[in-house]
Student: 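Can you keep this structure in mind? I'll have questions shortly.
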Amino acid sequence: MNAATDSVVWSSSSDGELGTGNSFSVLLPAGIYKINARCGGIVKDVQITVIERENSSRFRTYLVTQNGRTVYPGSGIWYTAAFAETGGSGRVIISTTAEMPVSLSGGLSVPVRDIVCDGSYASLKVHSLMNNRARTIPAGHIGTMKSFYVLNTSMQDSEPHFVTARLSAEESRWILWLPDDITAAEKNALKQCTDNLEKIILPRILTVWGEWADIDGDGKIAVLVCPTINTEKTAVGFFNPADYFLRNTDTSSESYNPYSNETDILYIAVPDTGSETYSVSSISATIVHELTHAVTFNIKTYERICSGETSREKEAVFLDEGWSHLSENLCGYGVTGGNRKFLDIFLKNTNDYSFCGKNMLGQDDSAGRRGAMTLFLSWLFWKSGGMHWNADAVVPVDDGGIAFLQRMVTSSGSGWESIGAAYGTDTDELLKQMVGELEVLETHPDSYVCRCDPYTGEPVEFWYCPAAVGFGTAVDILPCSFCLFTPIKITGSLSPVHITADNALGNVFVLACQ
């Protein structure tokens, strides 16, 4: 009875009254018992069988209740975590008479990779060219000038910039637009970025995720270099889904879309070799990130709108961004591109971030949540079988992980539940399993060997142990979040561990691993 009341009276068929409150803890010898609960005239009975606990069991799961509880995990060193599914709790405290503290890890503060473009897309109109994928638009000539609308990344509600650029490079699957004031050093850095796009990014994106929408029919993705992104210091680049739809300047129209460039295009900052934020690796990772957005939006949303699903909206932000950050890892830019920093922020204070909801500050998008989803999706990708690479170390070959990602993207479902549906197990249960494996990693940190990209040499998966909170410290647990605690040493089988919480709602657990 997980209710905020002390009036429940518990009794046993053989031992009489056992305790009061919404929960109780008692040690019973092996046997069969009839347990009775009485509260306000309501009587409930249940028969239970108590068996001897096997010493080989490494895991314990305890429900966090309104009025607290005392548990007896047994002797030994225990690694514990608080974990919430749909529910949550304030001030979860785990305390005992013995504590073995460990050092806490540090974290970083960085801006997010890109902006989340606001807007509803289901009511926008599809351009006539977009319905004719077989049509081929002749390629532009090098040196051609063109003007583009570019969102203000720091204030989306303001008027966009109007950027004029020159067609500076063209290959079979991409074109590059540059403003005329780009320096020679910046052009050299951009050449490294486009070499990465040609040699590794495109082959992997097309294999792992699929195709973007070829809006203008030229078969190429456009990359526009925008100095305004550097000036605003909010992002490194972005993809704007509104560009997939017809421009409409009629303010009274439901399909009002005044700043569409009516083409498939990525907006990227100018590389700066003296800045980590705008380094060649960071720009390359951002191209991966935004190209993944262009592909997943096409498959998940745009193609369904074209087929008549007029109510179809964009994928939830937490999952949409998680896909693109995972893609950075799988393309070999997870560390030098800056993705690792997002993970560090999350791991420093895991309970500050819900995997699919707002963080403790009420933000719906943050570097910490992006790190959380990258960790979770990476774990699921490799648990699904992952991938390996062909002989040239460039093109990935599916071992189950790519199929898992594509099931998510191509499914009609969306959001948190769609992750588990694609995997074949409830998403909450999957997250609980990951927390359990994190606890195992905490017990044997040297046993983990990270897979590395054979082309770039960088890690392609992230699996690091979070910072641990000391026993007796109160932590707030958001829905779909967790927090690891410092390990404790229990000296006897009857040594108690006390679990208290404020306003424990839904399924909130303490997990203990030995």
Side-chain angles (χ1 to χ4, degrees), residues 2-4 21-23 60-71 78-96 99 101-109 316-318 322 342-373 375-376 416 427-432 434-436 438-439 442 464-488 497-513:
N2 196 6
N22 74 315
S23 66
R60 307 279 189 270
T61 302
Y62 306 104
L63 179 69
V64 177
T65 60
Q66 295 280 12
N67 294 341
R69 61 185 302 186
T70 299
V71 299
W78 290 92
Y79 297 79
T80 58
F83 166 75
E85 292 181 353
T86 55
S89 178
R91 295 185 56 80
V92 175
I93 301 175
I94 305 176
S95 59
T96 186
E99 178 181 350
V102 297
S103 60
L104 303 183
S105 66
L108 298 170
S109 177
V317 171
F318 75 88
F342 295 85
L343 181 67
D344 287 342
I345 292 170
F346 168 66
L347 294 181
K348 183 182 179 182
N349 294 292
T350 59
N351 57 294
D352 282 351
Y353 302 97
S354 168
F355 280 73
C356 58
K358 298 180 186 297
N359 65 13
M360 285 291 185
L361 299 177
Q363 297 169 320
D364 192 46
D365 185 31
S366 63
R369 191 175 74 173
R370 292 183 181 211
M373 282 306 300
L375 178 69
F376 188 35
W416 184 248
T427 313
D428 289 336
E429 177 59 30
L430 289 172
L431 184 55
K432 188 189 297 185
M434 188 189 77
V435 175
L438 277 170
E439 291 186 285
E442 190 181 11
Y464 303 96
C465 192
V469 175
F471 267 73
T473 302
V475 296
D476 295 335
I477 302 296
L478 293 166
C480 296
S481 73
F482 73 93
C483 178
L484 296 191
F485 290 83
T486 51
I488 56 171
V497 173
H498 308 289
I499 304 170
T500 61
D502 294 344
N503 300 317
L505 302 173
N507 294 329
V508 184
F509 303 96
V510 166
L511 308 179
C513 167

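The shown structure was predicted, so the numbers you read here are calculated from the model rather than taken from an experiment.
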Student: With sequence neighbours left out, what residues match Asp428 under side chain to side chain donor-acceptor pair (under 3.5 Å)?
Tutor: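 Partners of Asp428 by the side chain to side chain donor-acceptor pair (under 3.5 Å) criterion, ordered by chain and then number, come out as Trp416.
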Student: With a 4.5 Å cut-off on side-chain heavy atoms, are Val71 and Arg60 touching?
Tutor: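 The answer is no; the side chains never approach within 4.5 Å.
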Student: Do you know which two heavy atoms are closest between Ala512 and Glu439, and how far apart they sit?
Tutor: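 For Ala512 and Glu439, the tightest heavy-atom pair comes out as CA-OE2, 4.2 Å.
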Student: Does anything in residues 498-508 pair up under salt bridge (charged side-chain N to carboxylate O under 4.0 Å, His left out), and if so which pairs, sequence neighbours excluded?
Tutor: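 Passing the test, one end in residues 498-508: Arg91-Asp502.
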Student: As an exercise, state the distance from CG of Asp365 to NZ of Lys358, rounded to the nearest 0.5 Å.
Tutor: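 Between atom CG of Asp365 and atom NZ of Lys358 there are 10.5 Å.
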Student: Run the side-chain contact (heavy atoms from CB on, under 4.5 Å) test on Arg369 and Asp364 for me, step by step, so that the C-alpha distance in whole Å, both residues' side-chain angles and the decisive distance to 0.1 Å come before the verdict.
Tutor: CA-CA 9 Å; Arg369 191 175 74 173; Asp364 192 46; 3.4 Å; yes
Student: Write down the atom of Cys356, the atom of Cys480, and the distance for their closest heavy-atom approach.
Tutor: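 So the two residues come closest at SG-SG, 3.6 Å.
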Student: Can you sort out the partners of Asp352 under side chain to side chain donor-acceptor pair (under 3.5 Å), two or more places apart, ordered by chain and number?
Tutor: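 Partners of Asp352 by the side chain to side chain donor-acceptor pair (under 3.5 Å) criterion come out as none, since no residue qualifies.
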Student: Among residues two or more places apart or on two chains, list those pairs meeting salt bridge (charged side-chain N to carboxylate O under 4.0 Å, His left out) that have a residue in residues 79-88.
Tutor: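 Qualifying pairs: Glu85-Lys432.
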Student: In sequence, state the C-alpha distance, the side-chain angles, and the governing distance for Phe83 and Thr61, and then conclude on side-chain contact (heavy atoms from CB on, under 4.5 Å).
Tutor: CA-CA 10 Å; Phe83 166 75; Thr61 302; over 6 Å; no
Student: Just do the side-chain contact (heavy atoms from CB on, under 4.5 Å) check on Phe482 and Leu438 with the steps written out, would you?
Tutor: CA-CA 11 Å; Phe482 73 93; Leu438 277 170; 3.5 Å; yes
Student: Mind checking side chain to side chain donor-acceptor pair (under 3.5 Å) for Asn359 and listing every partner two or more places apart, or none if nothing turns up?
Tutor: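 If we apply the side chain to side chain donor-acceptor pair (under 3.5 Å) test to Asn359, skipping adjacent residues, the hits are Gln363.
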Student: Identify the heavy atoms of Ser354 and Pro479 that sit nearest to each other, and give their distance.
Tutor: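 So the two residues come closest at OG-O, 2.7 Å.
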Student: Report yes if the side chains of Leu375 and Leu343 come closer than 4.5 Å at any heavy-atom pair, otherwise no.
Tutor: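 In contact.
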Student: So do Thr80 and Tyr62 actually touch side chain to side chain, heavy atoms under 4.5 Å?
Tutor: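 The answer is no; the side chains never approach within 4.5 Å.
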Student: So, taking the atom named CG in Asn351 and the one named CG in Leu484, what distance separates them when rounded to the nearest 0.5 Å?
Tutor: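 CG of Leu484 is found 10.0 Å from CG of Asn351.
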Student: At their closest point, which heavy atom of Val92 faces which heavy atom of Ala501, and how far apart are they?
Tutor: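 So the minimum-distance heavy-atom pair works out to CG2-CB, 4.1 Å.
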Student: Report the residues that fulfil ring-ring contact (aromatic ring centres under 6.0 Å, His included) with Phe318, sequence neighbours left out, ordered by chain and then residue number.
Tutor: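 Not a single residue meets the ring-ring contact (aromatic ring centres under 6.0 Å, His included) criterion with Phe318.
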Student: Centres of the Phe346 and Phe355 rings: under 6.0 Å?
Tutor: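 Here the rings of Phe355 and Phe346 have centres that are less than 6.0 Å from each other.
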Student: If every non-hydrogen atom of Val435 is compared with every non-hydrogen atom of Leu511, which pair is closest and at what distance?
Tutor: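 That would be CG1-CD1, 3.9 Å.
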